[in-house]
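Notes for the one structure printed next.
Just so it is clear: chains get the letters A, B, ... in the order the sequence lines come, proteins before strands, and each one is counted from 1. What you see below is based on every heavy atom in this structure, not just the backbone, and it leaves out hydrogens, waters and symmetry mates. Nothing here was measured: the structure is a model prediction, and the numbers come from that model.
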Amino acid sequence: MEPKISEKTWNPELEKEILKQWEDEKIYDFTPQEDNYTIDTPPPYPSGRPWHIGAAAHYSQIDMIARTARMAGKNVYFPIGIDRNGLPVELYTEKKHNIRMRETERGEFLNLCREALDDLEDEMILIMKSLGISGDFANYYRTDSEEYRSLTQSTFIELWKKGQVYLANRPNNYDWVSGTTIADAEITYEDLSTKLVYMKFKIKDTDKEIIIASTRPELLCACRTIIVNPEDQRYTQYIGQKVIIPITNVEVELRTHHSAKQEFGSGAVMVCSYGDQNDVVLFRELELGEIVAVGLDGKMTEAAGEYAGLKPKQARAKIIEDLETGGFLEKVEDIIHRTPISERSKIPIEIIPMEEYYLKQKEDVERIKKLGQEIIFHPPMHKQILMNWLESISIDWPISRRRYYGTEIPIWYCKNCSEPHVPEPGKYYRPWNEKCPINNCTKCDSAEFVGEERTFDTWMDSSVSPLFISKFGRDVEFFNKVYPTSIRPQAKDIVRTWLYYTILRCEQLTGEKPWSEAWIMGYGLDEKGMKMSKSKGNAIDPLPVIEKLGADTFRFWSASEINHGYDFRCNEQKIESTKKFLSKLWNISRFLSSFPIIESGKPNASDKWILSELDNLVKECKRGYDEYNFFVPAIAIREFTWNLFAAHYIEMVKARAYGIGFSDEERDGAIFTLHKALSTILKLLAPITPFITEHLWKVLYSEKSIHKERQVLSESPEDFTHLTKDITEFNSNVWNEKKSKELSLKDSIAVSVPERLSEFAKDFAAMHNLE
RNA sequence: GGGCUCAUAGUCCAGGUCGGUUAUGACGUCGCCCUUACACGGCGAAGAUCCGGGGUUCAAAUCCCCGUGGGCCCA
């Protein structure tokens, strides 16, 4: 019989045709039923080229989850979304057009951001599609759509009405030159020369003094405590005593804290609101009351007494003089200090408390812990990341941001009495640009309002993704069928943010957990194990790799190289060499395509042996697929297919399959077994490499898609696997024997088959041309 | 500074819970071989102080302790 396959290798170009077939036949369409398997897909953020190769691997594996579930007979809902809110696109747009967000008209700036996102998004969708992602691209959603943002706002309004939201002061990075708060991402550090001032502080009720060194002596008025390292012998005797601050004469306590470095300055540190980020931490940790020493105009406040109105630098010069006059100055050193600088105006930032909105979370921690216990984690060890985080929550969640490209906080303030008003939920509101939908102030009846200008932290949007995809508040019937969803696949580095905030918000809004399983993937590193980043230049662009080698090669690499939950290294050459396995599979199929399909046959000993090894493979794959750990089936399938099926079994039965020297019944037993093994391999592999398995399946076995098949189940046949080692060793011995005698493989040789393998003697004789 | 996690041939990875053969497989390297599925192949070879130090034990890659180095998150 002529082989149905003539080409010698798998051609990745075929993927494009297969993709088109899938799209035309809509084989992944979803119609909700009573039982559904919903994937809370992470919406990727189009932040600029190239997309991270680790992310491409990540999405390939999420698709394997969907395909595994489908083949297990589940009704899979696999939505696709794009995350478009937040800082990265603002920075990208500023750079691209060489503009400043706050110097650009807001509406115009938002349009520019949207255009940038559209371009980046197109490419991202293209990559996801060409990876073979079987999600619902026809209905893909965007987190900046009216529908999505109205959900974010509605859920906020609901929580506001329940009293879960409040205003509070919180220290912020502040750039007083451009008059804005800035995000941590916009801070750079520069080594600047400055003066380290050594000051004398009196210990109360003694004649002793301690020396404290600081680069910010103008903040003396905001000093609330002095810390020393608990192991610093010099200060042990003063712990718990009062210390008198020079100039202000205020008394503060001296206490220990591990963040004080013995070798820096005198080892004693004054803690002021706020000299640096460590002060912020200490004020929170030690629950100190803050004193605002620097105002929004960048000048010293009234709290600074006679220094009020001066810029911090001027105040510093003056206070050094005054310290000297008062006899409080020990010495002044010139040092190089690593100083946080605003990326935009290049001046040192100030940390200033500002009023922001908070969402209550502290009182929810115990409930979230309980839900966390109920959620199954893959792998289980990563549940610990969530639990540790829950243990360490000490403040509520600050949710307001002074940014533009995000969901607007839907609040209007009465112009007369400042009373905040939230509108009715269900619509998308833009208070900075819209008239207040409420006519009169509920408190003073005034008719004039000012819209809130701030936006939400983007996690406020992302954390309602399970509610959005299940049409919460939009379609009750759909919601009831789909929520709680089944699984949340995501990366390890955002467990503390996305995963945690989602549980928090969904619990607050529905009283239920958002999903029953969480699937946590490790981090993609470069070939040396370093984090990939554009600035380091070690980032690998996935698109050319996929175009060159095909999605299946990339996907099989991702499955066979990445043990689930662990970090992994990305290496182009390794990806390339994975292609060989697909080539092997292709040629096995090519060989089998020259034999007819036989529905049943009478297996002999060799056939029974490979069928029992095949059954082991089925069990092993099930073990991996049940945990959505694709490393297990990928390795097992490659091992079986290459090293047992192709290397030994096919060679053993080749002559029998051709019918040379064997009866028809013996021949059919071989052909039956060959096809049974290959069709099983294809089905086992289908979730990992959907393209090549689809192609081979259709050429060999069925007009219907392999992706409509159910996964193979174990049949637990008679076990012959104890003979595997004997069989492979016997073959090896014969090959070595021929080699040492300089015989060709087809030459005959006199080797006797060992007693325990006597059942296999006829196949061995044909295989090795035994005399 | 805190938490989690990892460390096995030139490279990647298995084994580790439950200590006991010659430490798994792949990539790469080298040698031989076109044998009617595949030279993107076959057969074979070389290549590992299982990160370092200490402990428990008859026995440690595996269990315990202390280091060192990488990664992630938080501060």
Looking at B:G71, B:A37, B:G42, which one has an atom nearest to any side-chain atom of A:L745? B:G42
A:W459 ring centre to A:R505 NZ or CZ under 6.0 Å, with the angle to the axis within 45°? no
Measure CD1/A:I351 against C1'/B:A75 and give the value in whole Å, please. 13 Å
Checking all strands, does A:S732 fall into the base, sugar-phosphate, or nothing category for heavy-atom contacts under 4.0 angstrom? sugar-phosphate
Taking atom P in both B:C74 and B:G28, compute the distance separating them and give it to the nearest angstrom. 39 Å
Distance check needed: B:C4 P versus A:F377 CZ, whole Å only. 16 Å
Can you identify which nucleotide, out of B:G71, B:C4, B:U5, has its nearest atom closest to the A:I385 side chain? B:C4
Toward the 5' end of RNA chain B, by each residue's nearest nucleotide, A:E729 or A:T497: A:E729
Rounded to whole angstrom, note down the P distance from B:G71 over to B:C13. 15 Å
Hey, do the aromatic rings of A:F591 and A:F595 have their centres closer than 6.0 Å? yes
Quick one: is A:N643 getting a side-chain N or O under 4.0 Å of the B:A26 phosphate, OP1 or OP2? yes
For B:C27, the Watson-Crick or wobble counterpart (both distances under 3.5 Å): B:G10
If we take the P atom in both B:G44 and B:U24, what is their distance in whole Å? 15 Å
Of the nucleotides B:C27, B:U35, B:C40, which has the atom closest to the A:K574 side chain? B:C27
Base of B:A14 paired with side chain of A:E639 (donor-acceptor, under 3.5 Å): no
Look at all strands and tell whether A:F581 reaches a base, only sugar-phosphate, or nothing, counting heavy atoms closer than 4.0 Å. nothing
Does B:C43 have OP1 or OP2 sitting under 4.0 Å from an N or O in the side chain of A:N736? no
Under-4.0 Å side-chain N/O to phosphate OP1/OP2 contact, A:W498 with B:C73: no
Among the nucleotides B:A26, B:C73, B:U5, which one has an atom lying closest to any side-chain atom of A:R638? B:A26
Can you tell which of A:N643, A:T728, A:N731 makes a side-chain hydrogen bond (donor to acceptor under 3.5 Å, both in side chains) with A:H648? A:N731
Where the side chain of A:K739 is concerned, which of B:C40, B:A37, B:G31 is the nearest nucleotide? B:G31
Looking at A:K738 and A:H768, would you say the former's side chain and the latter's main chain have a donor-acceptor pair under 3.5 Å? yes
Measure the shortest side-chain to side-chain distance between A:I681 and A:F640 over non-hydrogen atoms and say whether it is less than 4.5 angstrom. yes
If I take atom CG in residue A:L386 and atom C1' in nucleotide B:U5, what distance separates them, rounded to the nearest angstrom? 16 Å
Take atom P in B:C4 and the same atom in B:C50, then report the distance between them in whole Å. 27 Å
Applying the Watson-Crick and G-U wobble criteria at under 3.5 Å, what pairs with B:C4? Answer none if nothing qualifies. B:G71
Using only heavy-atom distances, decide whether a donor-acceptor pair under 3.5 angstrom links the side-chain of A:R496 to the base of B:C73. yes
A:K492 (side chain) donor-acceptor with A:G565 (main chain) under 3.5 angstrom: no
Would a 4.5 Å heavy-atom cut-off, applied to side chains only, mark A:I53 and A:I575 as touching? yes
Using Watson-Crick or G-U wobble geometry with both distances under 3.5 Å, which nucleotide pairs with B:C63? B:G55
Rounded to the nearest angstrom, tell me the gap between atom NE2 in A:H58 and atom C1' in B:C72. 14 Å
A:K580 side chain N/O closer than 4.0 Å to the phosphate oxygens (OP1, OP2) of B:G28? yes
Please give, in whole Å, the distance from B:C40 P to A:W642 CH2? 12 Å
Taking any heavy-atom pair under 4.0 Å as a contact, classify A:W10: base, sugar-phosphate, or nothing. nothing
Check the phosphate of B:C33 against A:S744, side-chain N and O only, distance under 4.0 Å to OP1 or OP2. Yes or no? no
From C-beta outward on A:E651, which listed nucleotide comes closest to its side chain: B:G44, B:A14, B:C38? B:C38
Integer angstrom distance from the C1' of B:A23 to that of B:A48: 9 Å
Rounding to the closest angstrom, what is the interatomic distance between B:A75 and B:A9 at atom P? 36 Å
Does OP1 or OP2 of B:G42 have a side-chain N or O of A:K584 closer than 4.0 Å? yes
What nucleotide among B:C43, B:C4, B:C38 has an atom nearest to a side-chain atom of A:N587? B:C38
Length of the CD1-P vector between A:I520 and B:U5, whole Å: 15 Å
Which value, in whole Å, describes the distance between the P atoms of nucleotides B:C64 and B:C27? 35 Å
State whether A:R590 places a side-chain N or O below 4.0 Å from either non-bridging phosphate oxygen (OP1 or OP2) of B:C38. yes
Rounded to whole angstrom units, what separation is found between the CD atom of A:E572 and the P atom of B:G28? 15 Å
Interatomic distance at P, B:C6 relative to B:U56, whole Å: 26 Å
All heavy atoms of A:F645 vs all of A:L678, minimum pair found to be CZ-N, 4.3 Å
Provide, to the nearest angstrom, the distance between the NZ atom belonging to A:K492 and the P atom belonging to B:G3. 16 Å
Nearest-nucleotide check on RNA chain B, A:I588 vs A:W389; residue mapping nearer the 5' end is A:I588
With a 4.0 Å limit, can you tell me whether A:K654 has a side-chain N or O closer than that to the phosphate oxygens OP1/OP2 of B:A37? yes
Looking for any heavy atom pair under 4.0 Å, which part of the strands does A:K579 touch: base, sugar-phosphate only, or nothing? base
At under 4.0 Å between heavy atoms, what does A:D747 touch on the DNA or RNA strands: base, sugar-phosphate, or nothing? nothing
Does a side-chain heavy-atom distance below 4.5 Å link A:Y500 with A:Q361? yes
Write down the partner of B:U22 under the Watson-Crick or G-U wobble criteria, each distance required to be under 3.5 Å. none
